[in-house]
2 protein chains.
Amino acid sequence: MFSKNCLEGVKMPTISDVARKAGLSVSTVSRVINKKPHVSQQKETLVKAAMKELGYKPMPAARQLRGTKAKNLAVTVPRITNPFFADLINVIERTLDSKGYTIILIQTFGRKDKELDALKLLTNQTIDGVILCSIENDAPVIQEYSKYGSIVLVNEYLGELDLPTIRANQYQGFKEATGFLIQRGYKNIAYATGHKNIIVTKKEGTNLNSNRFSGFQAALREAKMSFDPKMLFTHVQTRDAGLKLFNKLFKENKMPDAIISGSDEVAVGIMEGAKEVGVEVPKRLGVLGIDDQSLSRDLFIPLTTVRQPVEEMGAAAAKAMLQHLEDKDVVENKVFNLDLVVRESV
Amino acid sequence: MFSKNCLEGVKMPTISDVARKAGLSVSTVSRVINKKPHVSQQKETLVKAAMKELGYKPMPAARQLRGTKAKNLAVTVPRITNPFFADLINVIERTLDSKGYTIILIQTFGRKDKELDALKLLTNQTIDGVILCSIENDAPVIQEYSKYGSIVLVNEYLGELDLPTIRANQYQGFKEATGFLIQRGYKNIAYATGHKNIIVTKKEGTNLNSNRFSGFQAALREAKMSFDPKMLFTHVQTRDAGLKLFNKLFKENKMPDAIISGSDEVAVGIMEGAKEVGVEVPKRLGVLGIDDQSLSRDLFIPLTTVRQPVEEMGAAAAKAMLQHLEDKDVVENKVFNLDLVVRESV
DNA sequence: CTGAAAGCGCTTACAG
DNA sequence: CTGAAAGCGCTTACAG
């Protein structure tokens, strides 16, 4: 029937093979593949039998060429090794997979060009949409690509972007968490973030970065406390970076009495540094994590942290994508609340 | 030039658009796209200018239809939320991405059909190859699919499979680790595995599962100790499952004095259970993890564990895939040694 | 060195 | 209800 090719394996049956075997035209076969009307019960049975016998599967590339949706979706994350993002991807993939979508994973490592690569897959119809779990490029360039397919934002957000967005109320969360630190008596609170810089705007909904910091500052203001800009540290994103930050602070003798770290990972690094030199947590140094990843409760000092509702956000993002794929006019915007999980590091 | 379509975004320029703009034929444009010889410097410049001006990108689907490789690779893992697999994917993606491959992520959740889905992507040329980070199906069915593309195995392996395989010497690792437990005085050692069952063969290289268990038994034998089959627990794969296992053992009053858990995740669950009811680790219960994931040293009881060289294995797997993609005849087989990381849980 | 034409595997009007 | 034919965007012999 179809011949072997010694170099490249085996040639798969095509729609013509099926038609021939069924004694029908390719049009008819195509109709049953696509569940279109106007095909008699009898022929349908014939076609299905032929497909089964041949083990026929339509070739996605050929269908795409004719305009059929690829049923592929990309998901971008900074790093998959951060459990927060692994969890996010897990829910997203689970719910999207059940709808027949295949997930293309793209780690950006914080690079604009990697994110652009993902976005560009939209233009050549490789993917139908992309879920951005972090934002590297500026609003206008991202918005531009939404012409080519569905884009939904999870976790990070940008006020200027008119795109489905699933996020948490970072302002509220950080205000509460900072309030808690103050209430526990911490006076000199450092602030570390994974971002490269912070553009401060008071408006809620501007971006994660800015809203977190404003929440932090609002709590300070209410307590009539001021913030020393030297206690702001950017681009701290890993356990290692947390450790380095602690060591720097310790060496330069500028130790604050509490640190709000940008993630649980960073918090672990800080606590590790503290342990090494005998700085007691939470007594001499309060450490606040962000994320509440699953092992945070099992650390040598159980972490007090701001829980991000990762399951809920991931599921909502997947749903928002599905909806937007069906109807470009529905742009879902959902804001979750953040909870403080009190354990022992603060 | 090319008109907007209000429903579906924008129509991208095609190779014909480029040809028209450059005042040349599509053949010539195709030649420069594919860096084929026989095109004058002059025309090449013309074509490149036209491509740039139009923002032209060849459509992958159309190229695939003509037999060009998709440059897509799938990676299967049981669950991305297990840091061991997140780490594995991370290295794999990093090295493959740098060669221009796009990664399709597939979580199997231990299901055969999910793994088959991945394998089937080979048949319709959606992907050029798949890296299996665990094995769900039987050897013959997997081998069958190797006709359609490159398959490489990492971590798990099957002796019968004639495929590039990157793995660790589980026999040696488990023998050493068990020897260490014995030396520390543990006498009644339970054995938990994530797998559904264990087919025991003595031969090294049969499969991960079997080799781990034989290593364990070999150490027992050398110490003239015997193993109570009731102390074998299968299908224990998460932190939760570890916790449940502990509770069951505790309730039924069958507590061993040590447990070899199938992963660090499971070990954490066991230690959690022990903490809750006041069973001292490692004094009354030794807990051995497997993996050495990054937070294992930071747990409330730093975990003694068998380190799997995840970075090295991932990189080797990616390299093996690249090689096999280029030349089907080179089937790389690499075996890494396992190290015991001694901390405080044993 | 360059171009016209066939064809990859599909879907979709268009006839009948 | 069914089929012949055109065409999606490419690449690749085949001429010249």
So for atom [atom1], which belongs to [X], do other residues, nucleotides or ligands contribute more than 12 heavy atoms lying within a distance under 6.0 Å?
X        : atom1 : value
A:Lys57  : NZ    : no
A:Lys71  : NZ    : yes
A:Lys114 : NZ    : yes

Between [N] and [X], is there an OP1 or OP2 to side-chain N/O distance shorter than 4.0 Å?
X       : N     : value
B:Thr28 : C:dG3 : yes
B:Ser40 : C:dT2 : yes
A:Lys43 : D:dC1 : no

Starting from [atom2] on [N], measure out to [atom1] on [X] and report it in whole angstrom.
X        : N      : atom1 : atom2 : value
A:Gln125 : C:dC10 : CD    : P     : 18 Å
B:Gln64  : D:dC8  : CD    : C1'   : 14 Å
B:Leu46  : C:dT2  : CG    : C1'   : 13 Å
B:Gln42  : C:dT2  : CD    : P     : 7 Å
B:Asn34  : D:dT12 : CG    : C1'   : 10 Å
B:Lys35  : D:dT11 : NZ    : P     : 12 Å
B:Met59  : C:dG9  : CE    : P     : 16 Å
A:Glu44  : D:dC1  : CD    : P     : 11 Å

State which of [options] makes the closest approach to the side chain of [X].
X       : options              : answer
A:Ile15 : D:dT2, D:dG9, C:dC10 : C:dC10
B:Val39 : D:dC10, C:dT2, D:dA4 : C:dT2
A:His38 : C:dA4, D:dA4, D:dC1  : D:dC1
B:Arg31 : C:dG3, D:dG9, C:dT11 : C:dG3

Does B:Arg94 pair with B:Glu311 as a salt bridge, N-O distance under 4.0 Å? yes
Salt bridge or not for A:Glu115 and A:Arg111, using N-O below 4.0 Å? no
Checking N1-N3 plus N6-O4 or O6-N4 for Watson-Crick, or N1-O2 and O6-N3 for wobble, each under 3.5 Å, the partner of D:dT2 is C:dA15
Along DNA chain D (nearest heavy atom to each residue), the more 5'-positioned of B:Ala61 and B:Lys36: B:Ala61
Taking any heavy-atom pair under 4.0 Å as a contact, classify B:Ser30: base, sugar-phosphate, or nothing. base
Using a cut-off of 4.0 Å on non-hydrogen atoms, how would the nucleic acid contact of B:Ser27 be classed: base, sugar-phosphate, or nothing? base
Reading DNA chain C from 5' onward, which residue's closest nucleotide shows up sooner: B:Gln41 or A:Arg63? B:Gln41
What I want to check is whether an N or O donor and acceptor connect the side chain of B:Arg66 with the base of C:dG9 at under 3.5 Å. no
Can you tell if the side chain of B:Val47 reaches within under 4.5 Å of the side chain of B:Val39, non-hydrogen atoms only? no
